[in-house]
S.K.: 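Structure provided below as structure tokens; questions to follow.
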Amino acid sequence: MNIIFLGPPGAGKGTQAKILVEKYGIPQISTGDMLREHVAKGTELGMKAKEYMEKGQLVPDEIILSMVKERLSQDDAQKGFILDGFPRTVAQAEALDKLLEEMGKKIEYVLALIVPDEELVTRLTGRRTCKNCGMMYHIKFKPPKVEGKCDACGGELYQRADDNEETVRNRLKVYHEQTAPLIEYYKKKGVLFEVDGNKSIEEITQQLINILEKK
Ligand code: AP5
Ligand code: MG
């Protein structure tokens with residue numbers, strides 16, 4: 001299964017991708033997580049990316065594309081993958097089409113999570129993320145069992161540098177301007193599936209399974 005999760009910041013791309021990874025045994029490829037790893041390690045790429053991410057702007061396409069190309073060529077991505085947060089511009093989508101064609105692959109499902117902006121602000125400003133394994137929580141909607149600690153690995157929870165209201169609003173603006181046109185792009189290709197993302201985590205997962213298993 002070759003899947004893309006499309007949706008604004010906070011739509012639940014990462015939350016749902018992690019559930020599908022467990023269910024279908026294919027990897028989640030999150031460009032945001034990969035970039036944050038580079039930032040945490042202080043690599044050259046990370047230092048470049050950091051300024052864009054902290055302002056809620058997109059990191060330049062060439063950085064993202066070389067990272068994705070390398071990741072898609074790894075063994076575990078050969079039987080399928082879930083792209084989370086990529087592509088984010090029409091130029092990235094076109095480059096992905098070209099790359100997949102060279103690899104003899106194609107995208108089968110673009111799962112677009114639809115959520116109103118005000119709900120996204122609430123979700124993102126209340127999000128907590130595990131420093132160790134990247135699992136996401138929410139102070140109200142998905143609290144950890146022990147405050148400040150990850151249920152999965154016991155790691156320390158932190159608030160992402162871009163999860164403050166000002167940066168969140170800029171990320172939403174960037175989404176509407178640069179990423180939302182991908183809905184039309186994939187609709188034309190006949191691979192777009194729109195999902196109501198303004199429901200409970202469990203209800204959304206069920207909608208996704210229904211699409212992927214054509215129930
Ligand atoms: P990235 O890390 O991809 O962030 P994003 O797209 O802004 O999306 P988020 O991770 O914030 O949201 P999500 O949809 O994964 O939601 P989640 O499941 O966590 O990118 C970060 C930055 O990196 C970008 O701004 C850019 O600078 C750069 N970047 C990354 N990719 C790039 C690219 N391709 N090109 C250029 N630049 C790139 O859920 C959010 C919260 O809501 C959590 O607290 C969760 O617990 C809660 N929640 C989830 N589902 C529900 C639900 N159904 N009900 C209630 N609460 C819920
Ligand atoms: Mg995410």
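Below, each value reflects all heavy atoms present in this structure, side chains not excepted, and no hydrogens, waters or symmetry copies. Both ligands and their constituent atoms are indexed starting at 1 by order of listing.
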S.K.: Are K199 and I204 close enough that some pair of their side-chain heavy atoms sits under 4.5 Å apart?
M.R.: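 A side-chain contact under 4.5 Å exists here.
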S.K.: Salt bridge or not between E22 and K18? Use side-chain N to carboxylate O under 4.0 Å.
M.R.: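 The answer is no: the pair does not qualify as a salt bridge.
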S.K.: For a 4.5 angstrom cut-off between non-hydrogen side-chain atoms, does Q16 reach I201?
M.R.: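 Q16 vs I201: side chains touch.
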S.K.: I'd like to check P9 versus L172 (side-chain heavy atoms, cut-off strictly below 4.5 Å). Are they in contact?
M.R.: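 P9 reaches L172 side chain to side chain.
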S.K.: Under a strict 4.0 Å criterion on non-hydrogen atoms, which protein residues are in contact with ligand 1?
M.R.: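 Ligand 1 is contacted, at a heavy-atom distance under 4.0 Å, by P8, P9, G10, A11, G12, K13, G14, T15, T31, G32, L35, R36, M53, Q57, L58, V59, I64, G85, F86, R88, Q92, R123, L124, R127, M136, Y137, H138, F141, R160, D162, R171, K199, S200, I201, I204.
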S.K.: Flag the pair D97 / K189 as yes when at least one side-chain heavy-atom distance between them is below 4.5 Å, and no otherwise.
M.R.: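 Yes; the side chains approach each other to less than 4.5 Å.
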S.K.: Would you say the side chains of Q206 and N210 form a donor-acceptor pair under 3.5 Å?
M.R.: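 Q206 vs N210: donor-acceptor pair found between side chains.
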